Amino acid sequence: MSSSDRSQAVGVNKSYEIRTYGCQMNVHDSERLSGLLEEAGYVPAPKDGDGADVVVFNTCAVRENADNRLYGNLGQLAPKKAARPGMQIAVGGCLAQKDRDTIVKKAPWVDVVFGTHNIGKLPVLLERARVQEEAQVEIAESLEAFPSTLPTRRESAYAAWVSISVGCNNTCTFCIVPALRGKEKDRRPGDILAEIEALVSEGVSEITLLGQNVNAYGSDIGDREAFSKLLRACGTIEGLERVRFTSPHPRDFTDDVIAAMAETPNVMPQLHMPLQSGSDRVLKAMRRSYRQERFLGIIEKVRAAMPDAAISTDIIVGFPGETEEDFEQTLHTVRESRFAQAFTFQYSKRPGTPAADMDGQIPKAVVQERYERLVALQEEISWAENKKQVGRTLEVLVAEGEGRKDEATHRLSGRAPDNRLVHFTRPDEPVRPGDVVTVEVTYAAPHHLLAEGPAQAVRRTRAGDAWEKRNAAPAEKPKGVLLGLPTIGAPAPSPAPAAGCGCD
């Protein structure tokens, strides 16, 4: 590439749209992709516009029909691209990492295919595809830059994801993510804390630590207590009001983590602990390195240390070979655990995973019937657990976009410390996302709480100031990035926020 090519800014005055599928890690990556594109001169496409100049698909590969969904969406864009000279389409994420050249063969109108390890290359690949007038497929086999070192465009001014690790060392038979994201790689604690401090200085009051197996943090740096130490260190950061994390794995959930949660005031009384199945036999087939007794023991210890903790979970129904007796063990575990919420899934073949080829695939009708029984049980438990909140006084962090009916009901919405969704009567004084409102719960539904009385207190916060500043200030015109310079895909000059994923 000549020096004149390198001096040409990319993407100036061009618009972009990112379509994100899958887990929190993909949400994290999409914030980075947005930051990269805007640093390269692109601008977000208007939601009510006629389309973007660049459409990026950040894909997921964990569902059986993920590829069908992608190619269906790509097919819908083909005529739009034909009618719009200069429009580009890029495909990244786990499905891109898995399928590679197949994407361009099935959808030759795609301009760029990039993987999970080289998201920092997107602006360069788009420009290369434009100049060379041919598709660019570049899949790195190992991480080129930790996602948190890349530019970002965060969706929230008051809450942020912070990725502490990427990859996973587990070998669950239903999950393809480790094959696509690679082995676990941990960030240095100092880098994580520096990023959090930078976020807090910008007005962020809540952070969520993310990793595909977040509490295994430390295995890559040789410290089995690194995660509990990290939680305690977060407690020393002035201005950081709420700390959460997702998703842990029961195998690595140790007593020092429970103690750190209970003893660190800004670590919230909330835990997402994936169960997947309550049957020891199915757990063994899944290669989950714990059994029902171990799981229930963790729940008991957490509740002893934090009686008000809200615990949620993931459960798969219909794993190959699951019998009615196995399923009853799952129901038993759910009854004993008293989850505040459960994310329930019907087993879906993940091509490339051991479970996809196992004998004993369960008929769809049987899976559906079991799924409905599980959902009904959990709905009953969620409602009963939420009813226990009636009469409690809660500090609610006001959220943006959480209550779809807020305008019609003249309410606002936010999250309690334990992450329960709370709808509350709009106070007389102005309240912004990021502010904290103290309310009394008057009614409970299975999936939310309601505070119908007047607010007891409203606390305006730096996080609310940050939200107000972001929404009041006109958008700055992107500076553009010069092609070929080492800033593309390289660490940003100062720590930036992140996001991540838990697939367990």
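The shown structure was predicted, so the numbers you read here are calculated from the model rather than taken from an experiment.
Atom-to-atom distance recorded for Asp406:CG and Phe424:CZ is 8.0 Å, nearest 0.5 angstrom. Between Ser382 atom OG and Arg420 atom CZ the span is 8.5 Å, to the nearest 0.5 Å. The structure places OG1 of Thr323 at 8.5 Å from CD1 of Ile362, a figure rounded to the nearest 0.5 Å. Atom CD1 in Ile381 sits 8.5 Å away from atom OG in Ser337 (nearest 0.5 Å). Interatomic distance, Lys183 NZ to Ser219 OG, rounded to the nearest 0.5 Å: 10.0 Å. The distance from the CG atom of Asp29 to the CG atom of Leu122 is 11.5 Å, given to the nearest 0.5 Å.
Note that Lys469 lies outside the cation-pi zone of Trp467, set by a 6.0 Å cut-off to the ring centre and a 45° limit from the axis.
With respect to the salt-bridge test (charged N to carboxylate O, under 4.0 angstrom), the residues Asp465 and Arg432 qualify. The existence of a salt bridge linking Asp223 and Lys229 is confirmed by a sub-4.0 Å separation between a basic side-chain nitrogen and an acidic carboxylate oxygen. We find that Glu324 and Arg370 are joined by a salt bridge, their nearest charged nitrogen and carboxylate oxygen being less than 4.0 Å apart. The existence of a salt bridge linking Arg281 and Glu325 is excluded, since no basic side-chain nitrogen approaches an acidic carboxylate oxygen closer than 4.0 Å. Contact check on Arg460 versus Glu429 returns no salt bridge, with no Lys/Arg side-chain nitrogen under 4.0 Å from an Asp/Glu carboxylate oxygen. Look at Glu300 and Arg303 and you find no salt bridge, because none of the NZ, NE, NH1 or NH2 atoms lies under 4.0 Å from a carboxylate O. A salt bridge links Glu328 with Arg373: the distance from a Lys NZ or Arg NE/NH1/NH2 to an Asp or Glu carboxylate oxygen falls below 4.0 Å. A salt bridge is absent between Arg392 and Glu440: the closest approach of a Lys/Arg side-chain nitrogen to an acidic carboxylate oxygen does not fall below 4.0 angstrom.
Taking the side chain as every heavy atom from C-beta outward, Leu231 and Met261 approach each other to under 4.5 Å. Contact of the Glu184 side chain with the Cys168 side chain is not registered, since no non-hydrogen atoms from C-beta on lie closer than 4.5 Å.
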For Asn213 and Asp252: C-alpha separation, side-chain torsions, deciding distance, then whether side-chain hydrogen bond (donor to acceptor under 3.5 Å, both in side chains) applies. CA-CA 9 Å; Asn213 184 4; Asp252 303 298; 3.1 Å; yes
Show your reasoning for whether side-chain hydrogen bond (donor to acceptor under 3.5 Å, both in side chains) applies to Arg251 and Asn170. CA-CA 10 Å; Arg251 182 193 67 185; Asn170 293 318; 2.9 Å; yes
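A donor-acceptor contact shorter than 3.5 Å is absent between the side chain of Tyr21 and the backbone of Gly93. Judged purely by atom type and a 3.5 angstrom limit, Thr264 has no side-chain atom pairing as donor or acceptor with the backbone of Val267.
For His272 and Phe245, the ring centers are positioned 6.0 Å apart or more.
Applying the salt bridge (charged side-chain N to carboxylate O under 4.0 Å, His left out) test between Glu241 and each of Arg459, Arg415, Arg462 identifies Arg459 as the sole match.
Taking the six-membered ring for Trp and thresholds of 30 and 60 degrees, Tyr443 and His448 have ring planes inclined between 30 and 60 degrees apart.
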